[in-house]
Amino acid sequence: MPELPEVETIVRALARRVAGDAIVSVWLGEKPEPLKSLAPEIAAALQRSRIIAVRRVGKQIVFDLEAGKGSARAARGHGPAARVRPAAAESRTQRQWVVHLGMTGRLLVSAPEAPVEPHTHAIVRLASGRELRFVDPRRFGRLSVTGGDAGLATGSEPLDVDFERFAGLFRKRKTPIKSALLNQKLLRGVGNIYADESLFRAGIRPRRRAASLTRDELRRLRRALRQVLNAAIAAGGSSVADYVNADGDQGLFQFEHRVYQRDGEPCLVCGAVVKRVLVAGRGTHYCPRCQR
DNA sequence: ACTATGTCCTGCGAGC
DNA sequence: TGCTCGCAGGACATAG
């Protein structure tokens, strides 16, 4: 399941390979309902646009688009607003294509002759001859188009947030710390794997009420989260289930997991049996001895 | 304003 | 061996 490190890995590969490329044509499938109703808007924004940049916002992949000749910008030229707009603004990014991979979504850079996989919901043909393909068997992924930053996750970036702000996110929260870590309005990009792994490394039980954490524990948690996310990015993400990067390659960080999906096995630090419980409806793994 | 729970969706593995 | 069933989970909707 793509979380921050997996999305970061994908985004870096996409930035290398499709940034600057022009979009020649777009095909959108009929299947996922949200995509179906948004299809005309998405197609209109993508057609004949150029990809200026690819970046990550939480778990979202954001393609900054520049409208090409004969599309959105030309249409706007007839309105009065275009006349007062300075020339510099004309070349600025106007729209973003936002991709959320959900659970099983994959965004692949493919050769046109490569066979189209089952559950392919979108194909974007690029001027370079490559194709960008969105494949998602379970259809939890989402595609959308936005202007400005509306529709992007609002939480703090876990790798950027300073300690005081981090601590402030959990103040007065009665929800379990694990649930708080998963809340994208607080921190954006943390999912089930890295919530469990960071809590283990910080020595904190997942069910602890967020507001009950001491400043020392919060410091440990922030440090553990940064370390685990950075290490996972360096390893190209965790390939559990079916995550692969934009080139179809697997990550390596699943071999570094200390508790996630290791229930019943001995804790690598103390030897106690790793437990699995349900928190916020999510499988939650922890060491009953190392985590308090 | 929070918090907790249900919902979507398909592939896979456990169990009979 | 082959089937059914239940689980996996990110984000959002809804209920409390």
Side-chain angles (χ1 to χ4, degrees), chain A residues 1-11 29-38 56-62 98-107 117-122 134-144 146 149-158 168-199 206-213 229 232 237-244 250-251 253-254 257 259-264 274-286:
Chain A
M1 33 236 72
E3 305 180 22
L4 187 153
E6 291 75 32
V7 176
E8 180 67 26
T9 300
I10 292 167
V11 160
E30 292 288 307
K31 283 293 179 57
E33 180 42 46
L35 175 53
K36 196 175 158 188
S37 41
L38 282 171
R56 180 188 62 76
V57 174
K59 298 175 193 171
Q60 294 169 311
I61 300 167
V62 181
V98 182
V99 179
H100 194 301
L101 298 172
M103 287 272 304
T104 54
R106 284 140 61 203
L107 202 51
E117 290 186 54
H119 308 295
T120 297
H121 304 303
F134 175 63
V135 182
D136 184 16
R138 215 171 289 179
R139 303 187 203 161
F140 276 23
R142 294 289 177 262
L143 307 184
S144 61
T146 177
D149 284 347
L152 300 182
T154 51
S156 301
E157 279 289 337
L169 297 175
F170 305 111
R171 206 162 287 153
K172 293 189 298 183
R173 298 218 169 242
K174 292 179 185 158
T175 198
I177 184 63
K178 160 89 183 242
S179 305
L181 287 173
L182 294 177
N183 184 345
Q184 303 297 300
K185 291 189 175 71
L186 301 179
L187 289 173
R188 61 189 186 201
V190 181
N192 211 33
I193 296 172
Y194 300 102
D196 282 5
E197 291 296 320
S198 60
L199 286 170
R207 282 213 230 258
R208 286 274 305 282
R209 303 285 126 181
S212 79
L213 299 201
L229 291 174
S238 300
S239 286
V240 305
D242 44 13
Y243 161 74
V244 291
Q250 299 207 331
F253 198 70
Q254 64 276 18
H257 293 174
V259 286
Y260 186 76
Q261 287 187 348
R262 291 196 64 249
D263 45 305
V274 173
K275 291 186 89 173
R276 181 183 184 278
V277 294
L278 232 46
V279 177
R282 299 288 165 259
T284 298
H285 315 75
Y286 72 100

Enter the distance from A:Phe253:CZ to A:Thr9:OG1 here, rounded to the nearest 0.5 Å. 11.5 Å
Under the side-chain contact (heavy atoms from CB on, under 4.5 Å) test, residues paired with A:Lys185 that sit two or more places apart: A:Thr154, A:Asn183
Can a donor-acceptor pair be found, under 3.5 Å and without considering hydrogens, that links the side chain of A:Ser212 to the backbone of A:Ala210? no
Protein-nucleotide distance (A:Arg209, atom CZ; B:dC2, atom P), rounded to Å: 16 Å
Tabulate protein N/O versus nucleotide N/O from nucleotides 10-12 of chain B, keeping only pairs under 3.5 Å, one per line.
from, atom 1, to, atom 2, distance (Å)
B:dT10, OP1, A:Arg139, NH1, 3.4
B:dT10, OP1, A:Arg139, NH2, 2.6
B:dT10, O2, A:Arg138, NE, 3.1
B:dG11, OP1, A:His119, NE2, 2.9

What's the CG-P distance between A:Leu169 and B:dT3, to the nearest Å? 13 Å
Distance check needed: C:dG9 P versus A:Leu278 CG, whole Å only. 8 Å
Can you check the A:Asp136 CG to B:dC9 C1' distance for me, whole Å? 9 Å
Got a sec, which residues hit salt bridge (Lys or Arg N to Asp or Glu O under 4.0 Å) with A:Arg262, two or more places apart in sequence or on another chain? A:Glu265
Across nucleotides 10-16 of chain C, 5' to 3', mark each nucleotide with B, S or - according to how protein heavy atoms within less than 4.0 Å reach it. BB-----
Which whole-number value in Å describes the distance from A:Asp263 CG to B:dA14 P? 13 Å
Sequence-distant partners of A:Glu157, salt bridge (Lys or Arg N to Asp or Glu O under 4.0 Å), two or more places apart: A:Arg56, A:Arg188
Using OP1 and OP2 only, check whether a side-chain N or O of A:Thr104 sits under 4.0 Å from B:dC9. no
Over 60° means perpendicular and under 30° means parallel, so tell me whether A:Phe134 and A:His121 are parallel, tilted or perpendicular. tilted
By side-chain contact (heavy atoms from CB on, under 4.5 Å) - contacts of A:Ala195 (at least two apart): A:Lys178, A:Leu181, A:Leu182, A:Val190
May I ask you to say what A:Phe170 touches in the nucleic acid, namely base, sugar-phosphate or nothing, with a heavy-atom cut-off under 4.0 Å? nothing
From CA spacing to verdict: side-chain contact (heavy atoms from CB on, under 4.5 Å), A:Val279, A:Ser179: CA-CA 7 Å; A:Val279 177; A:Ser179 305; 3.9 Å; yes
Nearest-Å distance for atom pair CG/P, residues A:Leu101 and C:dG9: 17 Å
Do you see a donor-acceptor pair shorter than 3.5 Å between the side chains of A:His119 and A:Asp136? no
